[in-house]
Amino acid sequence: MGIIIKPIVTEKMTAITEKQNNRFGFIVRPDANKLEIKKEVESLYNVTVVDVNTMRYAGKSKSRYTRAGLINGRTNAYKKAIVTLKEGDTIDFYSNI
């Protein structure tokens with residue numbers, strides 16, 4: 001199984017990508033380190049990675065009221081990686097739609 005789980009395609013990440021054309025976000029496995037992430041992105045997308053920043057997010061407890069009563073749940077914990085590419089390189093997530 002790969003290190004990268006999925007790319008982040010949200011409004012916030014799109015704004016970061018538009019501001020700096022060479023930064024892209026990915027959800028990665030929690031046990032992955034920066035060197036593994038760099039190698040995986042370079043092999044998958046044929047680009048040169050300059051920098052990798054990682055962030056760990058804890059899961060949050062959520063509850064909601066329903067007709068059957070109170071339902072408690074928990075969102076998943078995950079790790080996010082922001083990858084900076086070499087100037088001129090880019091990744092097109094929408095190329096195979």
Side-chain angles (χ1 to χ4, degrees):
M1 185 171 174
I3 302 292
I4 295 176
I5 296 173
K6 64 181 179 179
I8 301 173
V9 187
T10 60
E11 288 184 26
K12 186 174 183 178
M13 197 64 227
T14 305
I16 291 172
T17 303
E18 288 175 356
K19 192 174 185 182
Q20 297 174 334
N21 290 332
N22 55 351
R23 298 192 87 177
F24 297 92
F26 298 94
I27 302 289
V28 296
R29 289 186 22 207
D31 59 340
N33 62 31
K34 292 183 181 187
L35 295 175
E36 292 172 339
I37 295 167
K38 177 180 178 178
K39 186 187 285 186
E40 180 92 5
V41 170
E42 286 178 344
S43 66
L44 279 177
Y45 296 105
N46 297 323
V47 294
T48 304
V49 175
V50 177
D51 191 26
V52 178
N53 299 98
T54 59
M55 292 152 265
R56 295 177 59 122
Y57 289 89
K60 296 180 181 176
S61 295
K62 301 259 182 163
S63 62
R64 61 191 166 111
Y65 292 100
T66 63
R67 198 178 291 185
L70 185 67
I71 295 177
N72 291 319
R74 188 159 182 85
T75 61
N76 293 335
Y78 62 97
K79 187 172 189 178
K80 180 165 76 169
I82 306 295
V83 177
T84 305
L85 304 180
K86 185 180 80 175
E87 197 64 41
D89 283 352
T90 187
I91 298 173
D92 187 16
F93 295 128
Y94 305 108
S95 63
N96 54 0
I97 292 179

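In this structure, Glu36 contributes its side chain and Asn33 its backbone to a donor-acceptor pair below 3.5 Å. Of the possible donor and acceptor atoms, one in the side chain of Thr17 sits under 3.5 Å from a partner among the backbone N and O of Arg23. Put simply, the side chain of Lys79 gets close to the backbone of Ala32: a donor and an acceptor are under 3.5 Å apart. At distances below 3.5 Å, at least one donor-acceptor pair connects side-chain atoms of Thr75 with backbone N or O atoms of Lys60. In terms of modelled atom types and a separation under 3.5 Å, the side chain of Glu42 and the main chain of Val49 share a donor-acceptor contact.
Between Ser61 and Arg74, the shortest heavy-atom contact is OG-NH1, 2.9 Å.
To the nearest 0.5 Å, atoms CG (Asn72) and CZ (Arg64) are separated by 10.5 Å. Taken from OH in Tyr78 to CZ in Arg56, the straight-line distance is 12.5 Å, to the nearest 0.5 Å. Distance OG1/Thr90 to OH/Tyr45: 11.5 Å, rounded to 0.5 Å. The distance from the CD1 atom of Ile3 to the CG atom of Leu35 is 11.0 Å, given to the nearest 0.5 Å. Separation of atoms CD1 (Ile27) and NZ (Lys80) is listed at 7.0 Å; rounding is to 0.5 Å. In this structure, CG in Asn53 is found 6.0 Å from OG1 in Thr84, a value given to the nearest 0.5 Å.
No continuous path of hydrophobic side-chain contacts links Val50 to Met13 [ILVMFWY only; heavy atoms under 4.5 Å]. A single hydrophobic cluster is seen to contain both Leu44 and Val9, as judged by linkage of ILVMFWY side chains at heavy-atom distances under 4.5 Å, directly or through other members.
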- From CA spacing to verdict: side chain to side chain contact (heavy atoms under 4.5 Å, CB included), Leu85, Ile91: CA-CA 9 Å; Leu85 304 180; Ile91 298 173; 3.8 Å; yes

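Proximity of Phe26 to Ile8: side-chain heavy atoms (C-beta onward) are nowhere separated by under 4.5 Å. For the pair Lys86/Asn22, no side-chain contact is recorded, criterion being any heavy-atom separation below 4.5 Å from C-beta on. Looking only at side-chain heavy atoms (C-beta outward), Met55 and Ile82 come within less than 4.5 Å of each other.
Between Arg29 and the choices Ile37, Ile4, Ile5, the side-chain contact (heavy atoms from CB on, under 4.5 Å) rule is met once, by Ile5.
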